[in-house]
Q: 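What follows is a single structure, and I will ask about it in a moment.
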There are 2 protein chains.
Amino acid sequence: MKPLRIGLAGLGTVGIGVIRLLRENAETITARAGRPIEVVAVTARNRTKDRGVDLSGLRWHDDAVSVAQDTGIDVAVELIGGAEGPAQDMVVTALERGLPVVTANKALVALHGGRLSRLSADRNAPLLFEAAVAGGIPAIKLVREGLAADRLESVGGILNGTCNYILTEMRTSGRDFEEVLAEAQARGYAEAEPSTDVDGWDTAHKLAILAGLAFRPLHFDSLPVHGIRDITAQDLKFAKELGYSIKLLGLSRQNPDGAPDGTIEAWVRPCMVPAKAPIAAVEGVFNAVSTLGRFSGPMTISGRGAGEGPTASAVVADLIDLARGNAIPVWGRQDVPAPVACADLAELKSAFYLRLDVQDRPGVMADLTSVLRDNDVSVHFVSQHDAATGGAHLAIVTHQVPEKAIHAAATALAALPVVTGKPLVLKIEDLVP
Amino acid sequence: MKPLRIGLAGLGTVGIGVIRLLRENAETITARAGRPIEVVAVTARNRTKDRGVDLSGLRWHDDAVSVAQDTGIDVAVELIGGAEGPAQDMVVTALERGLPVVTANKALVALHGGRLSRLSADRNAPLLFEAAVAGGIPAIKLVREGLAADRLESVGGILNGTCNYILTEMRTSGRDFEEVLAEAQARGYAEAEPSTDVDGWDTAHKLAILAGLAFRPLHFDSLPVHGIRDITAQDLKFAKELGYSIKLLGLSRQNPDGAPDGTIEAWVRPCMVPAKAPIAAVEGVFNAVSTLGRFSGPMTISGRGAGEGPTASAVVADLIDLARGNAIPVWGRQDVPAPVACADLAELKSAFYLRLDVQDRPGVMADLTSVLRDNDVSVHFVSQHDAATGGAHLAIVTHQVPEKAIHAAATALAALPVVTGKPLVLKIEDLVP
């Protein structure tokens, strides 16, 4: 049987994992794919570095574009990363040649998916990216194939293991964000430049892809993105007391209550999720994706969202699909849908958690509640803890209110002399209907 | 675009769900499949019954084989059920014609998968059965495609919603099996003849399919199957106290510890699973499938395992795959692997839970523990509750012992005059390594 010949750019953890997996499981993979799958050409910045696997016999190229131009390969695998530069150049070069592409590059697909999906369709060159969302979890296959028959109402979940690890550590140890982040960086669980993870951008890229598969591709610039820097250990204590878990969620919903038909709600932000929701139990570096379908109902899949083994498993699953002759259009549809802007959240209603740090003196509660009343924010529940530094922490849970009302109230509250520090607003997201 | 024309046998809940889903989501399904999917021919026992959907314009056939012989269809969909009879006749007739088949029939695939997979391969006629395992959860796609690159160590889970509902109700209400079963029957959650569900056969059919995809097809007759009839409300109380949940599991494992290479362990039985395992939180009629892969690590997917909507979603996802031209061989391999017998459990080691109902008198514990010692069963933990009827319930948790030792001990204990009723042995299954 003629092997499927792979040209691979990027020999970091995932690239080496792909080579190792293809060799270790060669017999099974050949039986499943119907033919052998072999890496024949590579490129990486350093040719001489010892990567722990035998790279002899592979054709070395000077750059990724040169790999994509190699006439002796059947598939280009891009594992360089970054939405622009050599990663994009390689993918475009390969697709233009009509060569199938497999990538783990979430930023590339999230930001340039529109152009790349048209190119893929024009040249009849499949572009597969299972590893771009939730690592080893076949989230893309789940949404684009497994739930292809259904009309999804929402899709999303815990898409960044670094943030979930930090929030889990903060909760179990009672320590604050900066301290846990520093430790995570020392252990290699967080990057030296942590913004992509902790400010929500990595989650945003993955969510944009999931929303594109479930509903319509999104204008990425219209996606509201907030990270986890403002969460305190005190918020995690309040959450537990109130029966919630705090999770950084990326979520997209079609036709949210009260919005015009065709509206796509999408956002990335830390939320309070009910402790009984399947996603609330997903801890540490694990990821999870939940869907709610009109026919299929609620579904949740959890597993390892990153790392050499899981990501390599997803990349090679795409290669097996290609070898089997299975290739789904980028957005799962024969047409290439035009992107849409995410809904303005101001008018959408939700319950919210509002945490205020206040001076502890008579009449505070009356001042606060009158501001909430003036902003039409109806209060469901209030809890108070003494602060270690004097003063008090207040947790307020609201009834359903338009998002603009809670933000107006928070701004007004921040201006009160009794309120110290910046109020924190978290959406309460009842994933399970 | 030429529609994909469906001939459908069986107009029960699922059959009607398929027709309803194809109509309600016609626009999206056409975009995703690349062509319309339309039911054109049907058969069912009763032609005149009002099923709540418009069936005018469909060709009616006298029987399922006649549907499979209809030259105006592109795919035969079998939703009759039963491993033999018209269901099998229809599937064989269609495959022999070279016609693709979609079925939700777990018994048919579990018992006759060997013969049907050879026929499917010989005639180049795909046989898809996503709906046969875990309803709306794309468990087959997960294992056969999403994890195709990986070497799985184990696969299994909660595969029968009726049993999980009964165990959940028993735990939350403190009532015993017979009472909860009767209520479930009255509510329509359990069949009048409940044996297929509560004795584990439905789970066994689904597990045999999953094991066939992950490892090798099994000789179904060699699969050890036990149901949930022996579980008491007292066992569920002990489980909670010990930090476990009792779940009816179907599980298969490749190369279990200490067994010769190539061994497939597989069984269906109620187990104690750690309360922190993702599967322990899966309650009521929900199903869940967990996998453990050498590269992908642990993964769990949960959702609705039965019902009109979820099952129809899975059937139509298969139809979309066919319309897209994607068809995977039955066992996910180009070759048709020969079936193997499940490992003899006698020599495999595990920790066990042993529940004894005993007379409450001096020296009982000494009698019991000497029997355990004589059978080389090493005890980790003992707990005792007074029984409402006098006497006591004892829960014993063992260290790792060969399964034959715990059964020998249970038999010896049952013969003691102080032991009233039949001892219960449950495997303690640490799904999460």
Side-chain angles (χ1 to χ4, degrees), chain A residues 17 21-22 24-25 28-35 130 135-138 141-142 144-151 276 278 281-282 286 291 293-304 307-310 312-317 319-321 324-329 332-335 337, chain B residues 17 21-22 24-25 28-35 130 135-138 141-142 144-151 276 278 281-282 286 291 293-304 307-310 312-317 319-321 324-329 332-335 337:
Chain A
L21 171 52
L22 284 171
E24 191 172 316
N25 287 359
T28 311
I29 289 170
T30 301
R32 288 179 179 159
R35 56 200 280 207
E130 182 60 71
I137 303 172
K141 193 172 271 289
L142 175 75
R144 193 165 60 175
E145 301 175 43
L147 298 174
D150 202 3
R151 184 178 309 196
K276 66 172 175 40
V282 174
F286 276 63
T291 57
R294 193 171 146 68
F295 284 80
S296 57
M299 199 174 299
T300 297
I301 185 164
S302 62
R304 291 201 178 277
E308 174 181 325
S313 167
V315 169
V316 178
L319 293 174
I320 294 174
D321 264 351
R324 281 166 166 171
N326 295 348
I328 310 288
R333 306 167 58 105
Q334 297 294 321
D335 53 343
Chain B
L21 170 52
L22 284 171
E24 191 172 315
N25 287 0
T28 310
I29 289 170
T30 301
R32 289 180 178 158
R35 54 200 282 204
E130 183 59 73
I137 301 172
K141 194 172 271 288
L142 175 75
R144 195 166 57 176
E145 302 175 42
L147 298 174
D150 204 1
R151 183 179 308 194
K276 67 172 175 37
V282 175
F286 277 63
T291 57
R294 191 170 148 69
F295 284 79
S296 58
M299 200 174 296
T300 297
I301 186 165
S302 62
R304 293 201 177 277
E308 174 181 326
S313 167
V315 168
V316 177
L319 294 173
I320 294 174
D321 264 350
R324 281 167 165 170
N326 295 349
I328 310 286
R333 305 167 58 104
Q334 297 295 321
D335 52 342

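In what follows, chains are A, B, ... by sequence order, proteins preceding strands, each numbered from 1.
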Q: Tell me, do B/Met299 and A/Pro310 make a side-chain contact under 4.5 Å, heavy atoms counted?
A: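 SC-SC contact between B/Met299 and A/Pro310 ruled out.
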Q: Nearest 0.5 Å, please: how far is CD in B/Glu24 from CZ in A/Arg294?
A: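 If we round to the nearest 0.5 Å, A/Arg294:CZ and B/Glu24:CD are 3.5 Å apart.
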Q: For chain A, which candidate among B/Leu319, B/Ile301, B/Thr30, B/Thr291 shows the most heavy-atom pairs at distances under 4.5 Å?
A: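 Sorted descending by pairs with chain A, the first entry is B/Ile301.
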Q: Where do B/Leu142 and A/Pro138 come nearest, in terms of heavy atoms and distance?
A: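 Closest approach of B/Leu142 to A/Pro138: CD1-CG, 3.4 Å.
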Q: Could you look at A/Glu145 and say if it's the side chain, the backbone, both or neither that has a heavy atom under 4.5 Å from chain B?
A: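 It is both, since atoms from each part get that close.
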Q: Looking at A/Pro337, A/Ser313, A/Ala281, which has the largest count of heavy-atom pairs under 4.5 Å with chain B?
A: A/Ser313
Q: Please rank A/Gly146, A/Gly293, A/Gly303 by heavy-atom pairs under 4.5 Å with chain B and give me the top one.
A: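 Looking at each of A/Gly146, A/Gly293, A/Gly303 in turn, A/Gly146 comes out on top.
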Q: Looking at A/Ala33, A/Gly135, A/Gly34, which makes the most heavy-atom pairs under 4.5 Å with chain B?
A: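 Between A/Ala33, A/Gly135, A/Gly34, the count favours A/Gly34.
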Q: Mind checking the CZ-CZ spacing from A/Arg144 to B/Arg324? Nearest 0.5 Å is all I need.
A: 7.5 Å
Q: Given side chains that start at C-beta, do those of A/Ser296 and B/Arg304 come closer than 4.5 Å, heavy atoms only?
A: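 A side-chain contact is absent here, since even the closest heavy-atom pair is not under 4.5 Å.
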Q: Which pair of non-hydrogen atoms, one from B/Pro298 and one from A/Phe286, has the smallest distance, and what is that distance?
A: CG-CZ, 3.7 Å
Q: Chain B: which of A/Ala314, A/Gly332, A/Gly307 shares the most heavy-atom pairs with it under 4.5 Å?
A: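 Looking at each of A/Ala314, A/Gly332, A/Gly307 in turn, A/Gly332 comes out on top.
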Q: With chain A as the partner, which of B/Gly297, B/Ala148, B/Ala317 has the greatest number of non-hydrogen pairs under 4.5 Å?
A: B/Ala148
Q: How would you list, by chain and number, every residue that makes a side-chain hydrogen bond (donor to acceptor under 3.5 Å, both in side chains) with B/Arg151, sequence neighbours excluded?
A: A/Asn25
Q: According to side-chain hydrogen bond (donor to acceptor under 3.5 Å, both in side chains), who are the partners of B/Ser302, at least two apart in sequence or on a separate chain?
A: none
Q: Is A/Ile29 close to chain B through its backbone or its side chain, or both, or neither, when contacts mean heavy atoms under 4.5 Å?
A: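 Interface part for A/Ile29: side chain.
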Q: Heavy atoms only, distances under 4.5 angstrom: which of A/Val316, A/Thr28, A/Asp150, A/Leu21 has the most pairs with chain B? Name it, please.
A: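 Most heavy-atom pairs within the cutoff with chain B belong to A/Leu21.
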Q: Can you say whether A/Ala31 sits under 4.5 Å from chain B via the side chain, the backbone, both, or neither, judging by heavy atoms?
A: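 Both parts, heavy atoms under 4.5 Å.
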Q: Between A/Leu147, A/Asp335, A/Ile328, A/Ile137, which residue shows the highest count of heavy-atom pairs closer than 4.5 Å to chain B?
A: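 Maximum pair count with chain B is reached by A/Ile328.
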